[in-house]
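Below is one structure; the comments refer to it alone.
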Protein chains: 2
Amino acid sequence: MARRGDTIELAVLGLLHEGPMHGYELRKRLNLMLGWGRLLSYGSLYPALKKMLRGNLIEEVTGTPSSAGSPTSRRTRITYQVTEKGTAEFHRLMSEVGPTAWEDDNFDIRFRFFSSTDMEIRLRVLEGRRSRLQERLDRVQRELAMTQKEVDRYATELQRHGVESVEREVRWLSDLINAERGTGLSATPQPATDNE
Amino acid sequence: MARRGDTIELAVLGLLHEGPMHGYELRKRLNLMLGWGRLLSYGSLYPALKKMLRGNLIEEVTGTPSSAGSPTSRRTRITYQVTEKGTAEFHRLMSEVGPTAWEDDNFDIRFRFFSSTDMEIRLRVLEGRRSRLQERLDRVQRELAMTQKEVDRYATELQRHGVESVEREVRWLSDLINAERGTGLSATPQPATDNE
DNA sequence: GGCTGCATGTAAGTCGTTACATGATTTA
DNA sequence: TAAATCATGTAACGACTTACATGCAGCC
C-alpha cells in the first residue's frame, strides 16, 4: 500500500530513472520540481536514501568514472542508480490508487514522470484527479447553498476565487485527457461509431 | 515570533472572534474554510484548545444559556470565547511578518479574517504575498532559461501550468490591492495632490 | 590561508494524524 | 431501543524541519 511518506521515494525513483545521481544533485532537482512550496531538507533526503538502499530499491554506482560529467572523480560523493526492484516499485507507486490524500499530494510528482509510464496509467491518474476535484467542487457548492446567510465579504471572495481556480484546473485536466485520448484515437480510427 | 504551528491558533482566534463556539463546531467550520486540502483532526484541535486555555487566550463561557442557538443547554459541550489577551494575540498574528513559509501557509486564513483587521494590515498582507509570488516567478523563469536543454514534455507542461496559475493569482492580488486602495481614497478625498 | 560552495550526515524537536476510547443526545 | 450524530479526549506514531557537525575542493 502507498503510505503517506512515499512521496520522496517516488520522486527519487523517478529522477534516478532519468540517470544516476548523488544526493546533493537530487535535492537540487527535487527543490526545482516541488519548488512551489517548501524546500526538502537533507535531514529528510539522506535518511530516505539510506532506507531505500536497505530496501534494495537503489544501489551505489561502483567504478566507471566516465559516466559523470567531469572526469576528475570527487571521492566524497556517492552516486545512486535504481535497481530492478526499484523500477518495479516506481511503476507500482505511479499507478497505485491509495487513500485520496496521497493521490492528491503526489499528483504533481506523478505527472512529472508521465513519460516513464504508459497511456493507460496516465489516463487513470488524470481522470482520478479530475473526478476528485469535481467532487470537492460539488460538495463546496452544496454547502455554499445551505449556509447562504450572514456571509463575510472576504470569506465569500476567498471561496469564489478557490472555486474558480479548481474549475480552471478541471478544464486543464480535461484538455490533457483529450490530448492523451487524441493520440490514442489517431492510431485507432474510430472503433464503433456509425457516423456516415 | 510566529511559529509554524500557530496556524490553528490563528484560525481558532479568528472564528471565536465571530462569536463563542465549542470544539466540535470549530472543527466543522475550520474544515469548511481550510477545506481544499486536508481535514483537521480532533487530535490536533483539542490539545490546541487546552494549550490556548492555559495561555489565557481563550476561556470557557459560564452561564447565560440564552447566547446559544437552542435554549436547551447540553451539559457535555464546552463553549469558548476569546479573552482580551486572545484578541491582542489575534491582531499580532494577523499583522506579523515571520518566516516566509509561515506567511504563505497562512495567507488564506489571514485573508478569511480580513474583516476583523484594518486596511493598513490588509494591504501589508496582500502586498507581501504578491511580492513573494512575483519573486518565485522570476526565480523559476531564470532557472528555466538556464536549463533549457533536454526538457521532458510533461515536465514542461507542468511548469507552464504552474507559472500560469501563479500569474493569475498575482493578478487577483493586484485587483484586491487596488480595491482596498480605492475604498481608502474614496473615503479620503486626495490629501496632498494639487489638481486644481 | 581563508572563504565559498559542494557533499554527507545526525539528533532533537515540532506538528499533526490515526486509532482508540468514552459517553450524551437526538431521531427512526 | 437501536442507530446515527454530537462531543470530547488521549496515546502512539509518522514525517519532516532545524540546527548542528564534518570535511573536501576550488578560487582569490
Side-chain angles (χ1 to χ4, degrees), chain A residues 1-12 20-31 34 37-54 58 60-61 65 68-80 98-102 104-106 109, chain B residues 1-12 20-32 34 37-54 58 60-61 65 68-80 93 98-102 104-106 109:
Chain A
M1 259 298 138
R3 293 188 330 285
R4 178 75 136 281
D6 287 342
T7 303
I8 298 179
E9 193 172 301
L10 174 59
V12 167
M21 242 172 279
H22 56 275
Y24 194 85
E25 176 76 13
L26 276 168
R27 194 188 98 117
K28 265 198 304 185
R29 300 237 200 158
L30 249 24
N31 285 343
L34 320 165
R38 195 82 68 274
L39 256 32
L40 183 73
S41 66
Y42 298 121
S44 312
L45 178 61
Y46 285 115
L49 286 174
K50 283 279 171 71
K51 197 188 154 205
M52 292 170 73
L53 210 53
R54 280 200 305 278
I58 57 174
E60 296 183 16
V61 175
S70 42
T72 55
S73 65
R74 309 217 209 135
R75 281 101 76 238
T76 45
R77 63 191 199 178
I78 305 162
T79 305
Y80 297 99
T100 304
W102 188 83
D104 278 339
D105 286 351
N106 297 309
I109 297 176
Chain B
M1 258 299 136
R3 293 187 330 287
R4 177 75 135 281
D6 287 343
T7 303
I8 298 179
E9 192 171 302
L10 174 59
V12 167
M21 241 171 279
H22 57 275
Y24 195 86
E25 175 75 13
L26 277 167
R27 194 189 96 118
K28 264 199 306 187
R29 300 237 201 157
L30 249 24
N31 284 343
L32 260 186
L34 320 165
R38 193 83 67 272
L39 257 31
L40 183 72
S41 65
Y42 298 121
S44 312
L45 178 60
Y46 286 114
L49 286 174
K50 285 277 170 73
K51 197 187 155 205
M52 291 170 74
L53 209 54
R54 281 200 305 278
I58 57 175
E60 296 183 17
V61 175
S70 43
T72 55
S73 66
R74 312 215 208 133
R75 282 102 75 240
T76 46
R77 61 191 202 178
I78 304 161
T79 304
Y80 297 99
L93 287 174
T100 305
W102 187 84
D104 278 339
D105 285 350
N106 297 309
I109 298 176

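This structure is a prediction, so every number in the text was calculated from the model and none was measured. Throughout, protein chains are lettered first and strands after them, A, B, ... in sequence-line order, and every chain is numbered starting at 1.
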message = When you compare the side chain of Leu26(A) with that of Leu49(A), does any pair of heavy atoms fall below 4.5 Å?
response = yes

message = With heavy-atom distances below 4.5 Å as the criterion, would you say the side chains of Asp6(B) and Leu10(B) are in contact?
response = no

ask   = Are the side chain of Asp104(A) and the backbone N or O of Ala101(A) linked by a donor-acceptor pair below 3.5 Å?
value = no

ask   = Quick one: Ile78(A) CD1 to dG23(D) C1', roughly how many Å, whole number?
value = 13 Å

query = Who are the salt bridge (Lys or Arg N to Asp or Glu O under 4.0 Å) partners of Lys28(A), not counting sequence neighbours?
reply = Glu25(A)

key: Atom-pair distance (CG on Leu10(B); P on dG16(C)), nearest Å   = 12 Å

query = Atom OH of Tyr46(B) to atom P of dT10(D): distance rounded to whole Å?
reply = 11 Å

inquiry  = Rounding to an integer number of Å, can you tell me how far Arg77(B) CZ sits from dT5(D) P?
reply    = 17 Å

query = Got Tyr46(A) and Ile78(A) here, is their nearest side-chain heavy-atom distance under 4.5 Å?
reply = no

request  = Using atom CG of Leu49(B) as one end and atom P of dG16(C) as the other, report the distance to the nearest whole Å.
outcome  = 13 Å

query = Could you run down nucleotides 14-20 of chain D 5' to 3' and tag each one B, S or - for protein heavy-atom contact under 4.0 Å?
reply = -SSBB--

query = Whole Å only: how far is the CD atom of Glu25(B) from the C1' atom of dA7(D)?
reply = 12 Å

query = If we only count heavy atoms from C-beta on, is the Glu60(A) to Leu53(A) side-chain gap below 4.5 Å?
reply = yes

query = Between Met52(B) (CE) and dC15(C) (P), how many Å, whole number?
reply = 14 Å

inquiry  = Rounding to an integer number of Å, can you tell me how far Tyr24(B) OH sits from dA24(C) P?
reply    = 17 Å

